Amino acid sequence: MIALSSLGVSAASAADRVATNCAGASRAQVPAARAIAAPVTVWLAGDSTMANPSSGRCPVGWGSQFDALFNSDVTVRNQAVGGRSIQTWLYEGNVSSTKGTDGECRLTSATYSSRWQAMLNSSTGMKAGDYLFIQFGINDSSSTCPRHVGPARYRQLMTMMAQAALARGAHPVLLTPVAAITCSGSTATKNRGFVNETFAAGSATRAPVIDLQTLSVSLYNSLRFCPNNGDYGGSGPLGTFFCNDHTHFDTYGAQRVAGLVAGDVRRQNLPLAAYLT
């Protein structure tokens, strides 16, 4: 009887230990679940192809359609501004119209723009767990100042922005510039620069890169936008997707491009994908 009683005690103790371990494991999973649901701010820095619309039907940047793809735990702060290169976005009003001996537009002051200062603010800007999506490379290709940016300078500035996000515990995501619609016969073609520089900045900071140029061209081809009659301002497939300059997007086009970005967030299995609806 003593032996059986001892065995019963041992079995009960083992069961208690298992139950305790399971309860402990269950409790350990609670913070992880809460971490997934923690509110996140997604900050966007870019040009007019990303920016919120100012008025009228066109242009509509894809960033204005990004928030709708996430659940209520995500807030998108779109700080993209039309007509900006990466340098004029960072140093608003402090980029001169003349080039220096290095071929880059001269800075009259190293003071950052108010929008970048706001993102860097220690109490109201980027915080741990946030995301910073960076997409430039269209206006930067200008040969004249203040918008001109050379390849090395572009890589330097994008790397700096990514490092600033990392220093605050945020996650930078770098994007190649979205393509305009250009055709070679029945095929949509790539037409943007700074692709290598974007990937180089990604490698330097270990930040993920979304190749939005390739993704957008693939989308244009799947929609059979080429060849076309140039009717970008009408009600047909092109007019529904693009403004009449074949570069900027109508609402539908912006929604489709935002979907490309979200799809690649999911494909790359970035933690932000957990918030997509």
Side-chain angles (χ1 to χ4, degrees), residues 42-53 59-70 76-86 89 131-141 149 151 154-155 157-159 161-162 165 171-183 187-203 205-223 225-226 241-243 245-270 272-273 276:
V42 176
W43 303 82
L44 306 182
D47 55 35
S48 57
T49 60
M50 179 192 269
N52 292 329
V60 179
W62 66 262
S64 68
Q65 308 300 308
F66 206 39
D67 185 72
L69 303 178
F70 295 95
V76 175
R77 296 281 300 273
N78 191 356
Q79 300 299 311
V81 183
R84 302 309 190 269
S85 65
I86 191 170
W89 188 94
Y131 283 78
L132 172 61
F133 282 65
I134 308 169
Q135 183 221 283
F136 292 96
I138 297 176
N139 300 302
D140 315 67
S141 63
V149 180
Y154 187 90
R155 182 173 63 251
L157 293 176
M158 183 167 274
T159 299
M161 292 180 73
H171 309 287
V173 179
L174 314 183
L175 297 92
T176 61
V178 64
I181 178 66
T182 55
C183 299
T187 303
T189 58
K190 295 180 179 181
N191 43 55
R192 299 301 188 198
F194 301 100
V195 172
N196 292 338
E197 290 72 26
T198 302
F199 276 99
S203 295
T205 57
R206 297 185 178 180
V209 175
I210 294 177
D211 189 359
L212 190 52
Q213 176 173 221
T214 296
L215 291 172
S216 56
V217 168
S218 295
L219 176 63
Y220 304 160
N221 280 317
S222 71
L223 296 174
F225 281 164
C226 296
F241 199 102
F242 291 100
C243 302
D245 59 2
H246 74 270
T247 296
H248 296 99
F249 308 115
D250 205 332
T251 301
Y252 173 71
Q255 290 170 342
R256 292 300 302 267
V257 174
L260 292 178
V261 177
D264 214 52
V265 166
R266 198 185 300 275
R267 183 190 66 81
Q268 295 195 43
N269 199 30
L270 304 185
L272 184 62
L276 289 168

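Keep in mind the model is a prediction, meaning the values are calculated, not measured.
Here the closest heavy-atom approach between residue A254 and residue Q65 is recorded as CB-CG, 3.7 Å. The nearest pair of heavy atoms linking D47 to N139 is CB-ND2, 3.7 Å. Shortest non-hydrogen contact noted between L132 and A165 is CD2-CB, 4.0 Å. Contact detail for A51 and V81: the closest heavy-atom pair is CB-N, 4.2 Å. Of all heavy-atom pairs spanning R192 and P177, the tightest one is CB-CG, 3.5 Å. Across every non-hydrogen atom of L69 and A262, the tightest pair is CD1-CB, 3.7 Å.
Looking only at distances, a side-chain donor or acceptor of Y131 sits under 3.5 Å from a matching main-chain atom of L272. Listed for the D140 side chain is no donor-acceptor partner under 3.5 Å among the backbone atoms of S85.
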Derivation and outcome, side-chain contact (heavy atoms from CB on, under 4.5 Å), residues C226 and I181:
CA-CA 9 Å; C226 296; I181 178 66; 3.9 Å; yes
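For the atom pair L175 CG and M50 CE, the distance stands at 6.0 Å (nearest 0.5 Å). Taking OG of S216 as the start and NZ of K190 as the end, the distance is 9.0 Å to the nearest 0.5 Å. Between the CG atom of L174 and the CD atom of Q135 there is a distance of 11.0 Å, given to the nearest 0.5 Å. With values rounded to the nearest 0.5 angstrom, L157 atom CG is found 12.0 Å from E197 atom CD. Residue W89 holds its CH2 atom at 7.0 Å from CD of Q79, rounded to the nearest 0.5 Å. Put simply, OG1 on T247 and CG on N191 are 7.5 Å apart, with the number rounded to the nearest 0.5 Å.
Between F133 and V265, some side-chain heavy-atom pair lies under the 4.5 Å cut-off. With a 4.5 Å cut-off on side-chain heavy atoms, T214 and T176 do not count as touching. Using a 4.5 Å cut-off on side-chain heavy atoms (C-beta onward), I210 and Q268 make contact. By the 4.5 Å heavy-atom criterion applied to side chains, F194 and F136 are not counted as neighbours. Residues P172 and M161 fail the side-chain proximity criterion, which asks for heavy atoms closer than 4.5 Å. Residues P59 and T49 are not in side-chain contact: their nearest non-hydrogen atoms beyond the backbone lie 4.5 Å or more apart.
A perpendicular orientation is assigned to the rings of F225 and F241, their planes being inclined by more than 60° (bins at 30° and 60°). The aromatic rings of F66 and W62 sit perpendicular to each other, their planes meeting at more than 60°, with 30° as the lower class boundary.
Under the 3.5 Å distance criterion, with hydrogens and angles disregarded, a donor-acceptor pair is assigned to the side chains of T189 and T182.
Contacts classified as salt bridge (charged side-chain N to carboxylate O under 4.0 Å, His left out) and involving residues 255-265 (residues at least two apart or in different chains) are given here: D264-R267. Contacts classified as salt bridge (charged side-chain N to carboxylate O under 4.0 Å, His left out) and involving residues 208-222 (residues at least two apart or in different chains) are not found.
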